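Contents: one structure, followed by commentary.
Because the structure is predicted, anything quoted here is derived from the model rather than measured.
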Amino acid sequence: MMSMRMKTHRIRVVALALAGLVSLPARAGVIPGRWEKVSALAVASPVTVEMKDGDRVKGHYEGLTATDVLLVTHDARAAIPREDIETITTQAEDSLANGILIGAGVGAGIMGALAAGISNDLTPLGVLIVASIGLAPGLAVGAAVDAVHKPATIVLYEAP
C-alpha cells in the first residue's frame, strides 16, 4: 500500500507537470501568401519589410491596398508592391514590468523559502519580513534581465 506521503508527492508532481503544460504558449506560424496578419496590424505599428531582391525597409505600417503595402519611413511615405515582398516582420512590445514582477517574486520566494527552511522558530510574520528582504535584489535582477532580453520578431507575412 502506498504511504500517504508518497501519494501526496505524486499529486504535487502531476499538478506541477500539468501547470507547466498549460502555461506553454500556443504559437501559430504564418501561412505563406496570406495577408490576414498584416491587415489586422494597427496603424503606425513599426514593421520591417524584406524585399525579394534583398533590400530592407523599416517604417511604420500605414495600410494595405489591393496591390501595395503602405509604409511611413522617417523620410517619406512608401508604397511597396506586394509581389516584391519576401517577409514582413514586427517586434513584440515588451515592457520592464513583467521582468520586475517576476524578479521580485523570485527574490522574495527564495528568501522566504530559506527563512522557513533554516529556522523552525520563525512565525509566519517573521518569514514574510525575511522574504521582503529578497524583493529589492530580485527586482533589480529581473529588471536587468528583462532590459537585456530582446523580444522575438513576429513574422506577419511570408511569400509563398
Checklist entry - With hydrophobic residues grouped by side-chain heavy-atom distances under 4.5 Å, do Leu70 and Leu156 end up in a single group? => result no
Checklist outcome for this item: Sequence neighbours excluded, the answer for salt bridge (charged side-chain N to carboxylate O under 4.0 Å, His left out) partners of Glu86 is none
Next on the checklist: For Lys52 versus Glu83, what's the shortest heavy-atom pair and its separation?
Outcome noted: NZ-O, 3.2 Å
Item to check | Single-linkage hydrophobic cluster, 4.5 Å side-chain cutoff, Leu139 and Leu96 together | outcome: yes
Item to check | Closest contact, heavy atoms only, Arg82 versus Thr65 | outcome: NH2-O, 2.8 Å
Checklist entry - Do Val72 and Ile88 belong together in a cluster built from hydrophobic side chains that touch within less than 4.5 Å? => result no
Item to check | Shortest non-hydrogen contact between Leu64 and Ser39, atoms and distance | outcome: CD2-CB, 3.8 Å
Next on the checklist: Minimum heavy-atom separation for Val38 and Tyr157, please, with both atom names.
Outcome noted: CG2-CB, 3.7 Å
Next on the checklist: Checking Glu62 against Leu71 for the side-chain contact (heavy atoms from CB on, under 4.5 Å) test, could you report, in this order, the C-alpha distance in whole Å, the side-chain angles of both residues, the deciding distance, and whether it holds?
Outcome noted: CA-CA 5 Å; Glu62 188 175 56; Leu71 295 181; over 6 Å; no
Checklist entry - In Å, rounded to the nearest 0.5 Å, how long is the span from OG1 of Thr67 to CD1 of Ile80? => result 12.0 Å
Next on the checklist: With clusters defined by side-chain heavy atoms of hydrophobic residues (ILVMFWY) lying less than 4.5 Å apart, directly or transitively, does Ile154 cluster with Val49?
Outcome noted: yes
Checklist entry - What pairs with Asp75 under side chain to side chain contact (heavy atoms under 4.5 Å, CB included), at least two apart in sequence or on another chain? => result Thr73
Next on the checklist: Can a donor-acceptor pair be found, under 3.5 Å and without considering hydrogens, that links the side chain of Thr90 to the backbone of Pro46?
Outcome noted: yes
Item to check | Where Asp68 and Ala79 come nearest, the two heavy atoms and their spacing | outcome: OD2-CB, 4.0 Å
Checklist outcome for this item: Shortest non-hydrogen pair, Gly99 vs Asp146, comes out as N-OD2, 3.3 Å
Next on the checklist: Side-chain heavy atoms nearer than 4.5 Å, only ILVMFWY residues, links allowed to pass through others: does that put Leu135 and Val106 together?
Outcome noted: no
Checklist outcome for this item: Value for NE2 (His60) from CZ (Arg77), rounded to nearest 0.5 Å, stands at 12.5 Å
Checklist entry - In this structure, are over 12 heavy atoms from other groups packed under 6.0 Å from Lys58 atom NZ? => result no
